[in-house]
Amino acid sequence: MNVENLGLSSKNSQPSRIRRLDIHTSNQIAAGEVVERPSSALKELVENSIDAGANLIEIVYSNGGKSLLSVKDNGYGINKQDLSLALSRHATSKISTIGDLIRINSLGFRGEALASIGAVSELTIKSKFIEASETFEISTAFGELKQIKPSQYLEGTLIEIKNLFKSIPARLKFLKTDRAEGVSMLEVVKKLALSHPEISFRLYEIKDAGNPREILRLEKSAGSNGLSKRIQEVLKNSFMDNSHQVDYESESVKVTGYIGSPTFISGKASGCYFFVNGRFVRDRSLLRFTRLAYGDLLEKNGFPSAILFLNVPSEEIDVNVHPSKMEIKFKKLDLIRKCLKTAVRNSLNVERFNARSHLSKQAYSYFRKDSSFKKNNQRIDFFRSRRESLDLGETLNLATRVDPTIDITHETKHAQSPENNRLGTPKAHLFKNFIVAQNDKELVIVDQHAAHERIVYEKLKSQKYHQGIAIQELLVPEIVEFTSVEVDAIIEKKSIMKQLGLEIERFGPASICIRGIPAVLGDICPKTLLIDLLDDLENFDSPESLESKIDKVFSSMACHGSVRSGRILKYEEMDTLLREMENTPNSDQCNHGRPTYLKLDLEKINKLFGRT
């Protein structure tokens with residue numbers, strides 16, 4: 001019989017017997033699952049230190065952790081009789097029976113880490129058990145175990161890894177540069193440090209056989225502000241200045257931490273840190289729920305910054321999904337979604353006009369002194385400068401409008417208090433799009449289209465969820481031509497259109513008659529509104545909540561009814577817009593997540609001009 005007729009390759013036509021792999025080979029295979037790179041080994045060792053009750057962890061590495069990686073802690077140590085067992089596969093002090101797997105309360109539990117690391121490196125463990133008076137050590141060289149012997153005195157445990165993956169050149173070849181591996185280890189330490197502010201961390205690098213260079217030093221932080229202090233030390237950015245505290249509990253699920261302001265966003269998800277029962281996890285569901293919770297406050301392609309801790313009953317989660325223990329499964333995923341959504345939204349709604357310090361800092365950074373203003377003796381033609389400035393409005397297409405009857409000096413003195421007039425009074429209208437206003441201590445710049453879009457959007461939502469969308473009957477109904485098939489599909493959505501404030505009916509076999517539009521939208525083109533709504537409703541059967549679907553449609557409708565860029569506003573219109581913003585939820589951002597205004601405080605403006 002021809003082997004090709006059986007679908008077999010002639011190269012592999014000889015049958016093979018099943019056999020058991022030797023211990024050394026199986027350990028090498030297992031190590032590949034647990035230890036992908038030096039940072040994987042570091043994560044396992046530091047988690048063991050945390051489980052051992054340490055409050056000080058010191059890490060030293062060289063060549064990106066390839067030639068040396070050591071972790072020292074002051075935990076309760078390992079008993080002499082358990083040292084050799086610690087280097088055996090599936091040996092752990094965290095669980096005893098299969099029933100313990102549904103109640104995991106420690107970071108480590110699989111009993112694979114030390115054995116896996118020892119199989120692909122030269123590993124030494126030095127440890128003093130808390131109840132013992134002596135220190136002992138044990139070593140293994142690529143899986144070959146050595147005898148236990150006394151060691152120099154220390155408190156806790158010291159684990160040293162040398163020549164990681166030397167026995168597996170293929171794995172070593174696929175590691176990244178020393179710098180990249182060092183950055184990966186730094187990120188591991190940061191994530192573990194965020195969830196344990198009560199522990200001090202030290203991270204050192206040995207380079208060119210010199211003294212260790214300190215990469216990171218984090219002192220333990222106690223008290224109510226311990227977490228916020230640790231976040232500030234770890235992230236070293238303006239996250240805490242642009243964040244909201246989260247503290248929510250419902251049905252045995254507690255959500256705490258901090259979320260960034262909707263404008264404090266990034267193009268990737270690296271700014272989101274999720275911890276479940278103290279364990280850092282990568283979970284797409286948690287990221288998706290968090291983004292959905294921001295709703296229309298978040299840019300379409302933006303990711304928020306968040307550091308969130310979820311406390312969930314251990315029997316309702318499964319952390320035994322992957323050897324890295326960074327994936328997790330929830331028994332009640334809908335409950336997690338509900339709690340996370342409520343926690344985030346409650347925190348975002350605490351303060352309507354939140355400070356956006358990062359936006360102000362960015363604005364200040366755009367101010368630069370003109371290079372023509374130099375400290376020299378060159379003569380400046382002030383008359384020429386004045387003549388050129390007369391054409392500035394025409395040259396830059398600069399549209400300004402102020403109320404000539406207003407005495408700015410008098411008005412400033414008698415302006416309303418910031419509490420009642422937080423966005424100030426309008427002073428000018430620039431570039432046919434921006435309102436410049438002033439309150440007691442700040443200059444406020446408002447994007448008129450973005451701001452009015454949010455106002456219209458919130459009015460639509462309020463009407464929908466209270467008394468219903470108010471419909472304005474058209475004096476002359478508008479007829480829109482479609483194909484007969486399209487008309488049939490549109491008429492099927494007639495009731496949904498009515499809920500959205502658009503009143504339509506069939507007009508012949510291939511036409512639609514628009515009789516009414518949402519009153520809040522004012523003077524708009526009914527035909528354009530209908531066509532855009534049909535596009536929005538095309539995917540109305542997508543797997544999203546009905547609330548979010550309708551809100552997306554309202555967002556498109558609001559864009560039609562808002563003040564357009566390029567329209568010059570009168571003083572009364574600008575003032576009305578500012579006052580409506582102050583009384584509209586989430587008016588600091590448009591429906592697409594962009595900011596609607598920014599503030600520049602007087603003190604910093606003075607500094608820009610060298611005034612003290």
Side-chain angles (χ1 to χ4, degrees), residues 37-77 107-108 124-128 152-162 164 176-243 257-258 270-271 273 275 278-280 305 307 309:
R37 56 195 303 194
S39 58
S40 304
L42 176 62
K43 173 182 174 293
E44 298 292 343
L45 297 184
V46 174
E47 286 182 344
N48 283 344
S49 296
I50 294 172
D51 286 339
N55 60 18
L56 173 61
I57 301 174
E58 295 182 348
I59 302 147
V60 181
Y61 71 90
S62 181
N63 299 115
K66 304 168 193 174
S67 61
L68 172 67
L69 174 59
S70 75
V71 176
K72 180 182 178 182
D73 67 60
N74 63 348
Y76 52 69
L107 296 178
T124 300
I125 302 176
K126 299 178 182 179
S127 187
K128 173 187 171 295
Q152 62 188 38
Y153 180 84
L154 58 80
E155 290 288 343
T157 301
L158 170 64
I159 298 180
E160 291 182 337
I161 303 172
K162 294 181 180 179
L164 185 63
K176 297 183 179 180
T177 64
D178 292 351
R179 178 179 176 82
E181 295 297 341
V183 170
S184 179
M185 288 193 290
L186 175 61
E187 288 302 312
V188 166
V189 176
K190 284 182 176 180
K191 290 165 184 173
L192 291 166
L194 283 173
S195 60
H196 296 89
E198 75 284 358
I199 300 177
S200 298
F201 290 86
R202 311 272 194 276
L203 179 63
Y204 303 93
E205 179 187 20
I206 298 177
K207 206 166 187 179
D208 301 326
N211 293 324
R213 177 171 66 101
E214 186 174 274
I215 303 297
L216 183 68
R217 174 183 286 265
L218 300 171
E219 301 297 338
K220 57 184 178 182
S221 304
S224 57
N225 64 339
L227 176 59
S228 60
K229 184 179 178 182
R230 175 57 59 87
I231 292 173
Q232 191 69 46
E233 291 176 339
V234 169
L235 299 187
K236 296 185 182 301
N237 60 17
S238 54
F239 171 76
M240 288 304 299
D241 295 330
N242 298 278
S243 65
Y258 294 87
S270 58
Y273 299 83
F275 301 87
R279 182 193 307 277
F280 173 77
S305 295
I307 299 176
F309 299 85

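Starting from 1, each residue takes its place in the sequence as its number. Note: hydrogens, waters and symmetry copies are ignored here, and every other heavy atom, side chains too, is used.
- Heavy-atom neighbours of Glu214 CD from other residues, nucleotides or ligands within 6.0 Å: above the threshold of 12.
- The two residues Tyr61 and Gly182 come nearest to each other via the heavy atoms OH-CA, 3.9 Å.
- Heavy atoms of other residues, nucleotides or ligands lying less than 6.0 angstrom from NZ of Lys72 number 12 at most.
- The shortest heavy-atom contact between Glu181 and Gly64 is CB-O, 3.4 Å.
- The minimum heavy-atom distance linking Arg202 with Leu218 is given by the pair NH1-O, 3.6 Å.
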Output side-chain donor-acceptor pairs under 3.5 Å for residues 188-201, partner residues at least two apart or in another chain, one line each.
| unit_1 | atom_1 | unit_2 | atom_2 | d |
| --- | --- | --- | --- | --- |
| Ser195 | OG | Leu192 | O | 3.1 |
| His196 | ND1 | Leu192 | O | 3.2 |
| Ser200 | OG | Lys220 | N | 2.9 |

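- No side-chain heavy atom of Ile215 sits under 4.5 Å from any side-chain heavy atom of Met185.
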Report task. Show your working on side-chain contact (heavy atoms from CB on, under 4.5 Å) between Lys176 and Val183 and close with a plain yes or no. Result -> CA-CA 10 Å; Lys176 297 183 179 180; Val183 170; over 6 Å; no
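- If you take CD1 on Ile59 and CD on Glu205, they are separated by 13.0 Å, rounding to the nearest 0.5 Å.
- Between Ile307 and Leu235, some side-chain heavy-atom pair lies under the 4.5 Å cut-off.
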Requested in this report: Would you check, one step at a time, whether the test side-chain contact (heavy atoms from CB on, under 4.5 Å) holds for Tyr204 with Arg217?
Outcome: CA-CA 9 Å; Tyr204 303 93; Arg217 174 183 286 265; 3.5 Å; yes
Query raised in the report: Under the side-chain contact (heavy atoms from CB on, under 4.5 Å) criterion, do Arg37 and Ser40 qualify, and how do the steps go?
Result: CA-CA 5 Å; Arg37 56 195 303 194; Ser40 304; 3.7 Å; yes
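- Glu219 and Arg230 are not joined by a salt bridge, as no carboxylate oxygen comes within less than 4.0 angstrom of a charged side-chain nitrogen.
- The main-chain N or O of Asp241 is never found under 3.5 Å from a side-chain atom of Ser238 such that the two would form a donor-acceptor pair.
- The minimum heavy-atom distance linking Ser127 with Gly77 is given by the pair OG-CA, 3.4 Å.
- Between Ser62 and Ile206, the shortest heavy-atom distance links the atoms OG-O, 3.2 Å.
- Of all heavy-atom pairs between Leu164 and Pro38, the closest is CD2-CA, 3.8 Å.
- Atom CD1 of Ile231 is separated from atom OG of Ser305 by 11.0 Å, given to the nearest 0.5 angstrom.
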Query raised in the report: Given the rule in the side-chain contact (heavy atoms from CB on, under 4.5 Å) test, do Thr157 and Ser49 qualify, once you have shown the distances and angles that lead to the verdict?
Result: CA-CA 8 Å; Thr157 301; Ser49 296; over 6 Å; no
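- Using cut-offs of 30° and 60° for the angle between ring planes, the Phe275 and Phe309 rings count as parallel.
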